[in-house]
> 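Structure below; questions to follow.
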Amino acid sequence: MEKKRSSFSGGIGFVMAAAGSAVGLGNLWRFPYLAAQYGGGIFILVYIILALTFGFTLMATEIGIGRKTKKSPSVAYRVLHSKFGFLGHIAILVPMIILPYYCVIGGWVTKYMVTFLSGNGIEAAKDSYFGGFVGDAVSPLLYFAIFFGITALVILLGVEKGIEKISKFLMPVLLVISIFISIYVMTLPGAMEGVKYYLLPDFSKFSFKTVCAAMGQLFYSLSLAMGIMVTYGSYTKDETNLSKSVNHIEIFDTAVAFLAGFMVVPAVYIFSGVEGTQQSGAGLMFITLPKVFEQMKGGAIIGALFFILVFLAALTSSISIMEAITSSFVDKFKITRKKAALVCLVIAIALGIPSSLGNGVWSHITILGMDFLTFFDYLSNSVVMPIVALFTCILIGWILGADTIIKELTKNGEKMGRAGLYRIMIKYVAPVMMVIILVFYTLAQFGVVKL
């Protein structure tokens, strides 16, 4: 007899967990930089339009697949169509590749959070601090283990008692901290100039690259093609209004991304000028921002709150990534949740160690000219994820038909306000967008085009 599948207690639990997955490092260290680089308000406008069309389509599709099949990605695609079983195997590769290096970065965030909470933010502002930390052979591995250990603990507690409970608590806290820091930054002298730089549209910077950058950011920000939304959809009860839930997740994710810009761009603009806003990723998070906090009145407190915020965002995302793997192992191999989590642990350690040491003692070892972490990021984000999304669009748009998902989202009599748009997007527009992401981000990785 098959064991009853775990589930979220209701719509709120599902939305908080899914939003927790969507709100991650991409919102906080990539969105502000892209908005600043690609014309401020014009980039934000393009991003919102894509969220309401492209993002809605892919998210609704994955969540619908999950609830319809009640299976994780490793099995769900085969249940829908026997010839698409291969897609489940590819889909589960994504979180398996991402989890180790994501937890390595989560370890870096944990280190900076501890540094600021212990009152040593001035040390973190030094030019040599980040390089000295990641270049060490032991310290980054220790913080990687701490961050991954917290993630694994939540997974072992289960869906309702672990993922849902922690998400219901962390997401409101995350939102409150975001709003508080944003308001504080607005009170700084010269902040309005930074706000103008962030929000006022610069149409001279609008181009095809702007659309591609916004599309890529949205794709990664919403946790699409990672198996996460399929997994969380499979835990969703039949009476939950999926169409409304998708809207709520989109709003939450976009709001946090928007607030991230308010937190980061004006502050960096005030203290580091336009040059500071052109930093992205680790450079912005771990080098530029600590210098900003050092110069800011009350910067020690704001810095501590900011890294608590980033830690919470990274944690809710890493939990969802690990859950996608654990759930797939349970469904595929019919093993217990504990055994599945243990296998996941072994994989994460095996790939996490080179991802960590590749920035230090193993930096001389490269793959296609990239260190381990950068290579795993490129492989998952620029290759495997677009392929998964592309074949998902083909399966639903061209083989099973859009009504497969529309009926799932409206099975309880709910209305799907964008059903007509969904049919066009899933069959024609979204597949083209996936090809663009696949080509554009691959070219960007090898320096042919610049993001």
> Rounded to the nearest 0.5 Å, how far does OG of Ser320 lie from OH of Tyr232?
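One finds 4.5 Å between OH of Tyr232 and OG of Ser320.
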> Is a side-chain N or O of Ser167 found less than 3.5 angstrom from the main chain of Ile163, in a donor-acceptor match?
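Checked: pair present.
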> Say whether, by atom type as modelled, one donor and one acceptor occur between the side chain of Ser317 and the main chain of Ala314 under 3.5 angstrom.
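Side chain of Ser317 to backbone of Ala314: no pair is present.
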> Short question: side chain of Thr326, backbone of Met322 - any donor-acceptor pair under 3.5 Å?
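Looks like yes, one N/O pair under 3.5 Å.
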> For Leu188, I'd like to know if atom CG has over 12 heavy atoms of other residues, nucleotides or ligands within 6.0 Å.
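Yes, enclosed.
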> Is the side chain of Ser328 donor-acceptor paired with the backbone N or O of Ile325 at a distance under 3.5 Å, no angle test?
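The answer is no, because no donor-acceptor pair under 3.5 Å joins these two groups.
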> If you measure from OH on Tyr33 to CG on Leu284, what distance do you get to the nearest 0.5 Å?
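Atom-to-atom, Tyr33:OH and Leu284:CG are 10.0 Å apart.
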> Test side-chain contact (heavy atoms from CB on, under 4.5 Å) on Phe54 and Leu218 and set out the steps.
CA-CA 9 Å; Phe54 175 58; Leu218 179 77; 3.8 Å; yes
> Look at the aromatic rings of Phe286 and Trp108 and report parallel, tilted or perpendicular, splitting at 30° and 60°.
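Because their plane-to-plane angle is over 60°, the rings of Phe286 and Trp108 count as perpendicular.
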> Using modelled atom types and a 3.5 Å cut-off, is there a donor and acceptor pairing between side-chain atoms of Asn27 and backbone atoms of Gly24?
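Yes, the answer is positive, given that a donor and an acceptor are paired below the 3.5 Å cut-off.
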> Whether the Ser380 and Tyr101 side chains hold a donor-acceptor pair (N or O, under 3.5 Å, no angle test) is what I'd like checked.
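On atom types as modelled, these side chains qualify, holding a pair under 3.5 Å.
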> Between Thr288 and Gly283, is there a donor-acceptor pair closer than 3.5 Å when you use the side chain of the first and the backbone of the second?
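It does hold such a pair.
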> Which residues satisfy the side chain to side chain contact (heavy atoms under 4.5 Å, CB included) test with Lys407, sequence neighbours excluded?
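Lys407 satisfies side chain to side chain contact (heavy atoms under 4.5 Å, CB included) with Asp403 only.
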> Any donor-acceptor pair under 3.5 Å linking the side chain of Asn359 with the backbone of Ser355?
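At least one qualifying donor-acceptor pair exists.
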> Would you check if the distance from the ring center of Trp398 to the ring center of Tyr428 is below 6.0 Å?
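Trp398 vs Tyr428: aromatic centres under 6.0 Å.
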> Does Thr374 form a side-chain hydrogen bond (donor to acceptor under 3.5 Å, both in side chains) with Asp371? I'd like the steps, not just the answer.
CA-CA 5 Å; Thr374 304; Asp371 62 72; 2.9 Å; yes
> Please tabulate, for side-chain N and O atoms in residues 258-273, each donor-acceptor pair with protein atoms closer than 3.5 Å (sequence neighbours left out).
none

> Can you tell me how far the CE atom of Met59 sits from the OG1 atom of Thr57, to the nearest 0.5 Å?
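Nearest 0.5 Å value for the CE-OG1 distance: 11.0 Å.
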> Determine the minimum heavy-atom distance between Ser178 and Leu309, stating which atoms define it.
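For Ser178 and Leu309, the tightest heavy-atom pair comes out as OG-CD1, 3.4 Å.
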> How close do Tyr184 and Met296 get, counting heavy atoms only, and between which atoms?
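So the minimum-distance heavy-atom pair works out to CE2-SD, 3.8 Å.
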> Where is the tightest heavy-atom contact between Ala91 and Pro73, given as atom of each residue plus distance?
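In terms of heavy atoms, the two residues are closest at CB-CB, 4.1 Å.
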> Quick check on ring pair (Phe, Tyr, Trp, His ring centres under 6.0 Å): which of Tyr129, Phe147, Tyr143, Phe311 does Tyr112 satisfy it with?
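Single pass found, and it is Tyr129.
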> Considering all heavy atoms of both residues, which atom of Phe307 and which atom of Met285 are nearest to each other, and what is their separation?
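So the minimum-distance heavy-atom pair works out to CZ-O, 3.5 Å.
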> What's the shortest heavy-atom distance between Gly233 and Phe14, and which atoms?
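Here Gly233 and Phe14 meet closest at N-CE1, 4.3 Å.
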> Excluding sequence neighbours, so at least two apart, what forms ring pair (Phe, Tyr, Trp, His ring centres under 6.0 Å) with Phe306?
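Per chain and number, Phe306 pairs via ring pair (Phe, Tyr, Trp, His ring centres under 6.0 Å) with Phe293.
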> Should Phe372 and Leu357 be marked as a side-chain contact (heavy atoms from CB on, under 4.5 Å) after you check the CA-CA gap, both sets of side-chain angles, and the distance that decides it?
CA-CA 8 Å; Phe372 287 106; Leu357 298 182; over 6 Å; no
> Judged by atom type as modelled, is there a donor-acceptor pair below 3.5 Å linking the side chain of Asn120 to the main-chain atoms of Glu123?
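No: the side chain of Asn120 does not pair with the backbone of Glu123.
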> Considering non-hydrogen atoms only, spot the tightest contact between Leu117 and Ala304 and give its length.
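That would be CD2-CB, 3.9 Å.
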> Nearest 0.5 angstrom please: Ile399 CD1 to Thr404 OG1, how far?
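Going from the CD1 atom of Ile399 to the OG1 atom of Thr404 covers 10.5 Å.
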> With rounding to the nearest 0.5 Å, note down the distance linking CD1 in Ile319 to OG in Ser21.
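Going from the CD1 atom of Ile319 to the OG atom of Ser21 covers 10.0 Å.
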> With ring centroids as reference points, do Phe43 and Phe206 lie under 6.0 angstrom apart?
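When the ring centroids of Phe43 and Phe206 are compared, they turn out to be at least 6.0 Å apart.
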> More than 12 non-hydrogen atoms from neighbouring residues, nucleotides or ligands closer than 6.0 Å to CD1 on Ile308, yes or no?
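It does: Ile308 CD1 has more than 12 such atoms within range.
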> Between Ser207 and Tyr38, is there a side-chain donor-acceptor contact under 3.5 Å, judged purely by atom types and distance?
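Short answer, no.
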> Tell me yes or no: between the side chains of Ser327 and Tyr235, is some donor less than 3.5 Å from an acceptor?
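Indeed, the side chains of Ser327 and Tyr235 share at least one donor-acceptor pair under 3.5 Å.
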> Could you check whether Arg418 makes a cation-pi contact with Phe56, meaning its NZ or CZ is under 6.0 Å from the centre of the six-membered ring and within 45° of the ring axis?
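Yes - Arg418 lies over the ring of Phe56, closer than 6.0 Å to its centre and within 45° of its axis.
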> With no hydrogens and no angle check, do the side chains of Thr61 and Tyr422 hold a donor and an acceptor under 3.5 Å apart?
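Note: Thr61 and Tyr422 side chains meet the donor-acceptor criterion.
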> Counting heavy atoms not belonging to Lys244, are there more than 12 under 6.0 Å from its NZ?
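No - once you tally the heavy atoms of other residues, nucleotides and ligands closer than 6.0 Å, there are 12 at most.
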> Is the closest side-chain donor-acceptor distance between Glu193 and Tyr197 under 3.5 Å?
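There is no such pair (donor and acceptor under 3.5 Å, judged by atom type) between the side chains of Glu193 and Tyr197.
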> Side chains of Ser318 and Thr151: do they bring a donor and an acceptor to under 3.5 Å?
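Present: a donor and an acceptor within the cut-off.
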> Is any side-chain N of the basic residue among Glu408 and Arg67 closer than 4.0 Å to the acidic one's carboxylate O?
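Salt bridge flag = yes for Arg67 with Glu408.
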> Backbone N or O of Thr231 within a donor-acceptor pair of the Ser72 side chain at under 3.5 Å?
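The answer is no, because no donor-acceptor pair under 3.5 Å joins these two groups.
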> So, the side chain of Gln295 versus the backbone of Lys291: is there a donor-acceptor pair under 3.5 Å, distance only?
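Yes, the answer is positive, given that a donor and an acceptor are paired below the 3.5 Å cut-off.
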> Given side-chain contact (heavy atoms from CB on, under 4.5 Å), test Ile249 with Ile63 step by step and report yes or no.
CA-CA 11 Å; Ile249 296 164; Ile63 292 172; 4.2 Å; yes
